[in-house]
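Numbered from 1 within each chain, the chains take letters A, B, ... in sequence-line order. Any value given below was found using the heavy atoms of this structure, including those in side chains, with hydrogens, waters and symmetry copies removed.
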Amino acid sequence: MYKLTFKSIIDEIENNLHKILDALTVSEIPFSVEPAKPGFGDVSSNVSFLLAKHMKKSPQEISITLSEKYSQLNHTLVSKVESHPSGYLNFFADWEKLSQLVLSESNLEEFGFVDLGKNSSIVVEHTSVNPNKALHIGHIRNIVVGDVISRILQKANYKVNVLNYVDDSGLQVADILVGFRHLGFSQEPPEGKKFDHYCGDDVYVKTTEKYEQDSSLEEIRKNVLKELEDGGSETAQFADKITGLVLENQLETCWNLGVTYDCLNYESQIIRSGLWSKIFEKLKEMKLVEFENEGKNSGCWVIRGEGKEEDKVIVRSNGTATYIAKDIPYAAWKLGLLEDPFNYKKYQKSQPGSRILWQTTLDASDDPKQNFSGDKVITVIDSRQARLQKIITTLMAKFKSASDAYVHMGYESVTLSPETARTLGLDTEGKQAQMSGRKGLYVNADSVYDLLKKKTIEETSKRHPEMHESDIQSIAHQISVGTLRYEMIKQDLDKIIAFDLTKSLSLEGDTAPYIQYTHARAARIIEKSGKGPSIDVDFSLLQDTNELNLVRLIGLFDIQVRDAAKNLSPKVIARYSHDLAVAFNSFYEHVKVLDIDDKNLEKSRLFLVNSFKLTIERSLALLGITAPDKM
RNA sequence: GGACUCGUUGCAUAGCUUGGAUAGUGCGAACGCUUGCGGAGCGUUAGGUCGUCGGUUCGAAUCCGAUCGGGUCCGCCA
């Protein structure tokens, strides 16, 4: 599918340069043709630098020759070629034609679509939080990163299945069960408190505190953990009830932030499904695990460490499987390598939007069998799990005989700024602090959202005293969600976010509200114009640098989507959205749209404003952010 | 001891995958801009030997090696 965007001119230049190089009988030079830096035309190529060695001439000489040759070729979208003294080859677009292409294309529903996935299936697993506490701000980074990358992959023509792995049988779940069963915690949260907050803030924190005072509790915890593995036990059924309630509350938090899933996988079911023994047989067959007869791991099955790394025990000398043994079958299941032991039923509550939420079950189900596996799997887990994930990646690469079948999408953790840590009662001597659910050292996602919403309601009411309460609520919601999401994805994945409660409430500068505000400005212009933008406009009237820069950025959308999808980099879209907003704000300040003498120019500018509005909406949609028309 | 990761202006961050032209942005600071399509905005100014040393190269923030500093991981726990 040929897309009429800025890429058109890049493709044209690439083709022509190839022709020239063929004529010079130097082919297979991996030159680049890229959008130019401001002040250097519209498109630049480094081709002369690369030719310098071959031709034993200076880059500048070559670029002069090339620009002369280029001018003699047929070109439609390029108006001028220039050789820069530095050696770069700079191309100037014929904006009359390019604006027409880009702006008409931008009005199409599928604008920005790129075919990277070729409609292949891909699994994105994210969230995967123990169902014993409320989601805190650190979890939100995982969730938003996972959600945004799944939206981007969808735009890049992958069939995306989003999974949430519910670790409902681990130690953390056992801890709150000990609290409920042996320390007398009521199953009713105090008035006005969500059940997940109650479990995390009160039951979990206070129970783990008690372990230090009362060592007999350790024994009780061990027994609870053992009973959990047996699905029929009374403890397991009680656990199902508690974790079910917490999970429901966690999902409400996610849904509120615009995050939805396709399927919930329960760890307890993975364990009971017998998938482990199947994969274990396979591992033995493929000689990927070895039995130790001597040494410190004597009597265990281990996976050999690569290089200097330690061997990893996966089956203990008593025959039981270790933690990683739950992850291996799950990874294989996600890749569709094993016969699926699960049935599927719909989750008891429906998600916002039209996406159906399924969950696995080992019981019989009236609902049809589903398939949530993928040709590729992306697992979003924080970088501290890198070692474990590397083992799984290596194993899966061998099973699927494709090195990139299983990808660990790692990210650095969210820590607390010294100031925020202090408000939680911890003096860190000016250093950032790791969050800890166990120590009660965290900021709940719901609390941040509530604070943001309170602030944005105040702000919006001040700006629009006449506005209806429900509209204010809706606007404040969109801004709050946008702010939170944007803060989580705007920086690189391998940079730590030192979360500061006060700073996170900022609504100015490089934030979602800044971008949303530009959208509201565009919406306002269109509203005031009193008519819908007409396609029958003269694009050649758009000549101001502010106008052309805006067109250029709109035309770069699909290139950004490709970049973000290829490199699994959500921040690319965040930056693009911001740049687009900056370009519009500059346009807005310097170029008047309405009530100008030239009515044809007004029509052209209106069309441009509308193209911007549509594009920023689509770009923000990839971030899971909506933009209100007024704010 | 081994491994991973980060280090760019007072603070925060982009650019590094694919080496080239003027290192971009936000906060903070100083000043200025609203009878105008909404100031959650725009403009101007100040602030950078891209941790350090070395190598490759005609050319390094970018690639390679070493080194220093911060963070993380390395259990027959989960």
Side-chain angles (χ1 to χ4, degrees), chain A residues 30-32 34 36-40 44 46 48-50 52-53 58-59 84-88 90 130 167 169-174 225 267 292 296-302 305-310 312-324 326 382-388 390 410 412-413 415 431-432 434 456 459-460 463-464 479 490-492 494-498 500 503 506-518 520-522 524-529 563 566-567 569 571 575 578-579 581-582 585-586 588-596 605 609 630-631:
Chain A
F31 61 88
S32 74
E34 287 171 338
K37 283 202 215 176
F40 295 105
S44 302
N46 65 352
S48 352
F49 294 112
L50 303 177
K53 258 190 194 137
S58 76
H84 189 271
S86 65
Y88 264 108
N90 292 332
N130 287 294
D167 180 2
S169 62
L171 207 57
Q172 296 200 16
V173 169
L225 192 59
E267 180 177 80
E292 283 289 34
K296 64 172 183 172
N297 292 332
S298 177
C300 300
W301 288 88
V302 301
E306 279 184 41
K308 287 174 181 170
E309 280 167 24
E310 296 270 322
K312 183 77 200 163
V313 172
I314 63 165
V315 176
R316 305 183 184 98
S317 52
N318 68 5
T320 57
T322 59
Y323 168 69
I324 191 172
K326 295 170 191 171
D382 93 74
S383 315
R384 283 177 290 197
Q385 303 259 15
R387 179 133 337 208
L388 229 48
K390 197 183 156 209
E412 269 296 343
S413 51
T415 63
K431 289 184 181 170
Q432 14 180 299
Q434 287 288 330
T456 47
E459 186 67 30
T460 311
R463 287 162 189 259
H464 304 281
I479 298 174
K490 77 171 175 188
Q491 62 277 77
D492 201 87
D494 44 31
K495 271 194 169 123
I496 295 168
I497 297 179
D500 187 280
K503 285 183 188 151
S506 163
L507 308 174
E508 288 163 16
D510 186 10
T511 64
Y514 171 87
I515 303 169
Q516 290 168 315
Y517 184 71
T518 60
R521 281 177 146 182
R524 183 74 174 140
I525 291 177
I526 291 164
E527 185 197 320
K528 275 207 134 186
S529 78
D563 185 19
K566 214 171 110 192
N567 297 314
S569 183
K571 71 164 182 219
R575 297 214 67 79
H578 179 257
D579 292 347
V582 168
N585 271 332
S586 178
Y588 184 90
E589 293 289 336
H590 299 105
V591 181
K592 197 158 158 50
V593 177
L594 300 177
D595 302 323
I596 51 178
R605 286 182 175 163
V609 170
K630 283 185 186 169
M631 59 185 275

Determine the contact category for [X]: base if any of its heavy atoms lies under 4.0 Å from a base atom, sugar-phosphate if only primed atoms, P, OP1 or OP2 are that close, otherwise nothing.
| X | value |
| --- | --- |
| A/S44 | base |
| A/N567 | base |
| A/S569 | nothing |
| A/I479 | base |
| A/F40 | base |
| A/S317 | base |
| A/S48 | nothing |
| A/P38 | base |
| A/K296 | base |

Once salt bridge (charged side-chain N to carboxylate O under 4.0 Å, His left out) is applied, do any residues pair with A/E508, and if so which ones, sequence neighbours excluded? none

If each of A/K503 and A/K37 is mapped to the nucleotide of RNA chain B with the nearest heavy atom, which maps nearer the 5' terminus, i.e. the 5' end? A/K503

Closest to the 5' end of RNA chain B, once A/K566 and A/G170 are matched to their nearest nucleotides, is A/K566

Can you tell me the distance, in whole Å, between the [atom1] atom of [X] and the [atom2] atom of [N]?
| X | N | atom1 | atom2 | value |
| --- | --- | --- | --- | --- |
| A/Q491 | B/G15 | CD | C1' | 16 Å |
| A/N297 | B/C74 | CG | P | 16 Å |
| A/K490 | B/A12 | NZ | P | 13 Å |
| A/I496 | B/C73 | CD1 | C1' | 13 Å |
| A/L507 | B/A40 | CG | C1' | 7 Å |
| A/Q432 | B/G69 | CD | P | 19 Å |
| A/I324 | B/C74 | CD1 | P | 12 Å |
| A/L50 | B/G59 | CG | P | 16 Å |

Protein-proximity profile, nucleotides 34-39 of chain B, B/S/- by nucleotide at the 4.0 Å heavy-atom cutoff, equals ---BBS

Using a 4.0 Å cut-off on protein heavy atoms (strictly under), produce a 5'-to-3' string for nucleotides 4-10 of chain B with B for base contact, S for backbone-only sugar-phosphate contact, and - for none. --SS---

Identity of whatever pairs with [N] - Watson-Crick or G-U, under 3.5 angstrom:
| N | value |
| --- | --- |
| B/G28 | none |
| B/G36 | none |
| B/G48 | none |
| B/C53 | B/G65 |
| B/A60 | none |
| B/G1 | B/C74 |

Let's test your reading of the model: under 3.5 Å, does the base of B/C42 pair with the side chain of A/S586 as donor and acceptor? no

Donor-acceptor pair (no angle test) under 3.5 Å: A/S169 side chain, B/A78 base: no

Say you pick atom [atom1] in [N] and the same atom in [M]; how far apart are they, in whole Å?
| N | M | atom1 | result |
| --- | --- | --- | --- |
| B/C37 | B/G19 | P | 50 Å |
| B/C4 | B/U22 | C1' | 36 Å |
| B/C50 | B/U9 | C1' | 10 Å |
| B/U45 | B/U52 | C1' | 32 Å |
| B/C63 | B/U56 | C1' | 8 Å |
| B/U8 | B/G70 | P | 14 Å |
| B/G15 | B/A61 | C1' | 8 Å |
| B/U62 | B/G28 | P | 32 Å |

Could you pull out the closest heavy-atom pair between [X] and [Y], with the gap in Å?
| X | Y | answer |
| --- | --- | --- |
| A/T320 | A/N318 | OG1-OD1, 2.6 Å |
| A/S506 | A/T511 | O-CG2, 3.8 Å |
| A/H464 | A/M631 | NE2-O, 2.8 Å |

For the atom pair CD1 (A/I515) and CG (A/D510), what is the distance rounded to the nearest 0.5 Å? 6.5 Å

Can you confirm if the aromatic rings of A/F49 and A/F31 lie within a centre distance of less than 6.0 Å? no

Does any donor atom in the side chain of A/N585 or A/Y517 lie under 3.5 Å from an acceptor atom in the other side chain? no

For a quick check under 3.5 Å, do A/Q434 and A/R384 share a side-chain donor-acceptor pair by atom type? yes

Min side-chain heavy-atom separation [X]-[Y] under 4.5 Å:
| X | Y | value |
| --- | --- | --- |
| A/S44 | A/E34 | no |
| A/Y88 | A/N46 | yes |
| A/Y514 | A/V582 | yes |
| A/Y588 | A/I525 | yes |

Enter syn or anti for the glycosidic conformation of B/U34, syn applying to angles within 90° of 0. syn

Nearest-neighbour nucleotide for the [X] side chain, [options] considered:
| X | options | result |
| --- | --- | --- |
| A/E309 | B/A3, B/G20, B/A78 | B/A3 |
| A/K571 | B/U72, B/U22, B/G15 | B/G15 |
| A/Q434 | B/A78, B/G71, B/C42 | B/G71 |

Is there a salt bridge (Lys or Arg N to Asp or Glu O under 4.0 Å) between A/K390 and A/E309? Walk through the geometry before answering. CA-CA 12 Å; A/K390 197 183 156 209; A/E309 280 167 24; 3.4 Å; yes

